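Quick caveat, the model's predicted, so the values are computed rather than measured. Ligands are counted one by one from 1 in listed order, and the atoms in each one are counted from 1 as well.
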Amino acid sequence: MCGALRASDAGKKAVLMGWVNRRRDLGTIIFVDLRDRTGVAQVVLNRELNAAVHDRASVLRNEYVVAAIGTVKLRAADTVNKNLATGEVELVADEIRILNESKLPPFLPSDTALTNEETRLKYRYIDLRRDVMQFNIELRHKVAKAIRDYLSEQGFFEIETPFMTRSTPEGARDYLVPSRVQPGTFYALPQSPQLFKQILMISGFDKYFQIVRCFRDEDLRADRQPEFTQIDLEMSYPQPERVWEVVEGFLTAAFKAAGSEIKTPFPRMDYDEAIRLYGIDKPDLRLPAMTNVQSLFKEFDLIELNTDPALPVAAIRIPNVGELSRKEKDDISASLQLKSKVKLFHDFKRLQKMFPESCDKIRIATDAGEKDLIVLIAGSGERWRVEDRQIAPPFYSKANIEARRNKGRVLSQAEIEVFQAAGQVRLELARRFAERHCAFKKTSDPAKDFRFLWVTNFPMFEWDEGEKTWMAAHHPFTSPHEEDMPKLEAGVESLHDPQSELSAVRALAYDVVLNGTELGSGSIRIHRQDVQSRIFRALGMTDEEARARFGFFLEALEYGTPPHGGIALGLDRIVMILAGAESLREVIPFPKTARAVDLMVDAPTPVSEAQLRELGIQVKK
Ligand code: ASP
């Protein structure tokens, strides 16, 4: 193995097989860097020692596959290559065999400058020969193996579930497979093994896992692929904490396999708190949380600023950014494209002049240092005037403001909008000024580099502004909180009312988040048929529809279903973070482009008329 050659091998005979990574012809001496999966070793061909072999080497070209047979020698001290693991030795060849030639590749694995991604994906087999890709794929193997080993030790069985099945609702479109035997019918590829893993709990396999491919037809982004791999698991009788413990266990094993010791248990945060503090359900804890500084302004000052005094004012602090230039301010406003519902204040100095007392308090409340940037986001006054015209003037009377302030535990839609806009601004500032705050720089301290978090107690329903209805925020098998069940009953009638009690129903759902990326989601499931039917109804499904889509499952629930719960984490994302890669395509051997195309095999493609006929399918031109 090329990469394994060491000084201790000096004097030994060796056979190296691999690709020609580079050939340097110095006349009497030819150096060939031979590469295989383990690394690169230098082979020397000296005309004076062996003219025939030297001659043969002169025809070698990049990416030829070669066997070199010879003796390992220590290099002279001044030719040792410290950048190479094998740099102390070389193989002095007395025989070279060309096992196969190579056309001139469109790019070389040894190129330091990367070619464009389309070419890389078209010639993926060459791209995968590159060091980085070899490292990433090996890392992927190690991580998956560590997870498998850990879960097996904990008594989990890896059990396969079908790919040709029926729709599993995970919020995406299905990929369909037409049936030839029963024309006009289709299998759906699983968006996840959700229903099968629940059925496995009903079947008595109380600890299941699977490292499994899932298929979702959705609009792709940098961190999405139409087929991706989940670490999927389910257990019987767990409290959420038990699921979290298992996940923390296998993540510890996975990160260890990649060389990082992480600390458990991970911190936990309610969804509402995540929104209040970070404006998002997947907080990046590497930068400070936001602070609601509404109460530090006088109501009249908020009105003067043309903001809504009944809504929060989120203060965002980004450390060490310093003063913003005029251009930076303009760029930020332009790139954010904030909705008219919120107002951005990025000139804290100006605010300080207008409201010195409040701003001093904000500095203290946000714990701001001299060089920290503070930006405020508030609800816009326009909207308040337009939306609340029915309120008797003057709008700004203390009583009116007081009446409009939400005092509930659950955030109002308007509050969520302010916090979410602020969360978006926080992330944009964090991205823009990464060089100055340095919070994203790797420190080699895993406690700083990997900020894990459990986000819990998600709302059960989300308001869909387009459809004017409440929708399931998770898949419909997620259990509500026991104590919120009555609200569910009351809310069914008000599916189309944004003020419905459904807004306050919490789900026994949880997400595991790392550095602002959602790694996985799970929940405790509904295990009673009557509750499941009620949830389907609450989602606007008639009993007939529910039976048509999930009849088999509703029936299974009636045959002694143990309480159960689980989770699924994205393996690709985990490996991407561990590899420090920018895109999932860097850690998936054969990925698809943003247009869901495999450029190497050229899929998808049209199929023959005969195939279509057999399937009873006609394609509309
Ligand atoms: N099936 C869910 C998903 O794919 C995960 C789970 O609830 O276990 O997101």
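Here the side chains of Ile588 and Arg140 are in contact, with some heavy-atom distance below 4.5 Å. Using a 4.5 Å cut-off on side-chain heavy atoms (C-beta onward), Leu519 and Ile577 make contact.
Under the 4.0 angstrom criterion for non-hydrogen atoms, Arg525 is in contact with ligand 1. By the 4.0 Å heavy-atom criterion, Arg216 is counted among the residues contacting ligand 1. Heavy atoms of Gln191 come nearer than 4.0 angstrom to ligand 1 in no pair at all.
Numbered from 1 in the order shown, with element, the atoms of ligand 1 that lie under 4.0 Å from a heavy atom of Ile567 read 8 (O). Close approach to Gln230 involves these atoms of ligand 1, each under 4.0 Å from a residue heavy atom: 3 (C), 4 (O). Ligand-side atoms of ligand 1 in range of Ala568: 5 (C), 8 (O), range being under 4.0 angstrom from any heavy atom.
The protein atom (non-hydrogen) at minimum distance from atom 9 (O) of ligand 1 is Glu170 OE1, 3.7 Å. Looking only at heavy atoms of the protein, atom 5 (C) of ligand 1 is closest to Ser521 O, 3.3 Å.
Counting heavy atoms of neighbouring residues, nucleotides and ligands inside a 6.0 Å radius, atom CD of Glu483 exceeds 12 of them.
Close placement of the Phe452 and Phe255 rings is indicated, their centers lying within 6.0 Å of each other. For an aromatic pair to be called close, the ring centres must be under 6.0 Å apart, and Tyr208 with Phe196 fails this.
None of Asn116, Asp127, Thr593 except one satisfies the side chain to side chain contact (heavy atoms under 4.5 Å, CB included) rule with Leu121; the exception is Thr593.
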